[in-house]
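Following: one structure in structure tokens, then a few remarks.
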Amino acid sequence: MRHRLVVVRAWAGRVAVLAAAVMIAVTFAWAPGAGQDESGPLFAAATALVTLQAAAFRWAPRREAAPGIGLAAVALVLWPQPFVPDASLYERVGMGAFWFLPTLGAAVVGGYPRLTEHRRRRAVREARHSQQVALAHDLHDFVAHDISGIVAQAQAARFVAGQNPDAVVGALERIERAGLAALASIDRTVHLLREPGRAADRAPLPGAAGLTELVGRFDETGRTRARIDIAPGVESALSREAAATVHRVVTEALTNVRRHAPDATGVEVALVPVDGAVRLTVTNDTGVSRPRARESGGTGLRALTGRVRALGGTLRTSAEDGTWCLTVVLPTPRPALRPASLAASGDPA
């Protein structure tokens, strides 16, 4: 039944073309010799043609709808003309304008629902695309971080297995924790892919409060030592979106250290207040290799830069004297408490 309905809708434009052509032919072949009392059949045909126009506006493919609707409009404008041979030019123009109004009515009746449906479908596509991008960011920011930790632990365990077998047990435990975290992120992503309409049920992303745990896990999963310094009051000053962005930036920065600076001996993460904003810095020492920009975009520092800018902040990277530094400055809706040491020294940072 549905297939038949689709076929009928697809033929709406073609039928409108055929009916309009027949009506124009009848108008010029038969109407000039007929009186006004015999205009009933053409009036009924005009009414049916308006219905076909509305159907073409609503369902016909664009390539077929345009000629059908246009030719039908011409037929509607012309059909009463032969019945008033003595009409002046202005009267004929007035009749044509009057009989063009049914075409406008058909456009409203058939075109508005079509436009509404088109907008709804576009909104659904944009929402799905936005969700897919968000899921891609989640996979990159969190799963890639955990997997890179697994790789680092496996490499370390391979080197110490022969000399210190007991150290392998601790490495395996850390690999297990990282693997479980990666599986949890994948399960969460798959759940959202299976139920795309439940994007609002997404679990809240970790914020600034989880930075200490994040840096601690990094510190224990490789040779690179990591340290974090969070000034008092900074976490409460950040909005939820800003806190989640800070967590993503630190995750990406630590992942890049594993990938591009495996020989680095230390990473320092600092989250401190500045005038009306919060500044995050992630610095690592020797062994720095600048992360390569992705041509396709969508993940990594390029995507994080867009996220930070959307919040009104800035993201900068620099490499000087054998160190690599990533700096993010985010405005805060609430003032952050300044550390006592900074207030005493007069340092604006």
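Remember, it's a predicted structure, so these values are computed and weren't measured experimentally.
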For the student: nearest non-hydrogen atoms of [X] and [Y], plus distance:
X	Y	result
R225	D219	NH2-O, 2.8 Å
L311	A242	CD1-CA, 3.8 Å
P273	A231	CD-CB, 3.5 Å
A106	A54	CB-N, 3.7 Å
A237	T332	O-CB, 3.6 Å
L49	A19	CD1-CB, 3.8 Å

Is it possible for you to say whether [X] and [Y] belong to one hydrophobic cluster, with membership spreading through side-chain heavy-atom contacts below 4.5 Å?
X	Y	result
L101	L52	yes
W59	V108	no
I69	V77	no
F83	F98	yes
L76	F57	no

Testing L18, L42, L78 for side-chain contact (heavy atoms from CB on, under 4.5 Å) with M23, which one passes?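 It is L42; the other options fail the test.
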Reported [atom1]-to-[atom2] distance for the pair [X] and [Y], which is rounded to 0.5 angstrom:
X	Y	atom1	atom2	result
W79	F43	CH2	CZ	6.5 Å
D263	D285	CG	CG	10.0 Å
Q81	M95	CD	CE	4.0 Å
R316	T305	CZ	OG1	11.5 Å
L214	T251	CG	OG1	4.5 Å
L271	R279	CG	CZ	10.5 Å

Is any side-chain heavy atom of [X] closer than 4.5 Å to a side-chain heavy atom of [Y]?
X	Y	answer
L280	V250	yes
N284	T224	no
E320	C325	no
V257	F218	yes

Apply the test salt bridge (charged side-chain N to carboxylate O under 4.0 Å, His left out) to residues E117 and R121: give CA-CA distance (whole Å), side-chain angles for both, the deciding distance (0.1 Å), then the verdict. CA-CA 6 Å; E117 184 178 355; R121 290 179 178 176; 2.4 Å; yes
Given L254 and R258, is the side-chain contact (heavy atoms from CB on, under 4.5 Å) satisfied, shown in steps? CA-CA 7 Å; L254 295 179; R258 284 202 182 102; 5.5 Å; no
Give the C-alpha distance, both sets of side-chain angles, the deciding distance and a yes or no for side-chain contact (heavy atoms from CB on, under 4.5 Å) between L238 and T245. CA-CA 10 Å; L238 290 170; T245 299; over 6 Å; no
Quick check against the 3.5 Å criterion: does R114 have a side-chain atom that pairs as donor or acceptor with the backbone of A60?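 Flag set: sc R114 to bb A60 pair under 3.5 Å.
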Has E268 got a side-chain atom pairing as donor or acceptor with R227's backbone, closer than 3.5 angstrom?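 Not at all, since once roles are kept as given, no pair shorter than 3.5 Å links the two residues.
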Is a salt bridge present between E252 and R248, judged by a nitrogen-to-oxygen distance below 4.0 Å?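 Not counted as a salt bridge, because no side-chain N and carboxylate O are separated by less than 4.0 Å.
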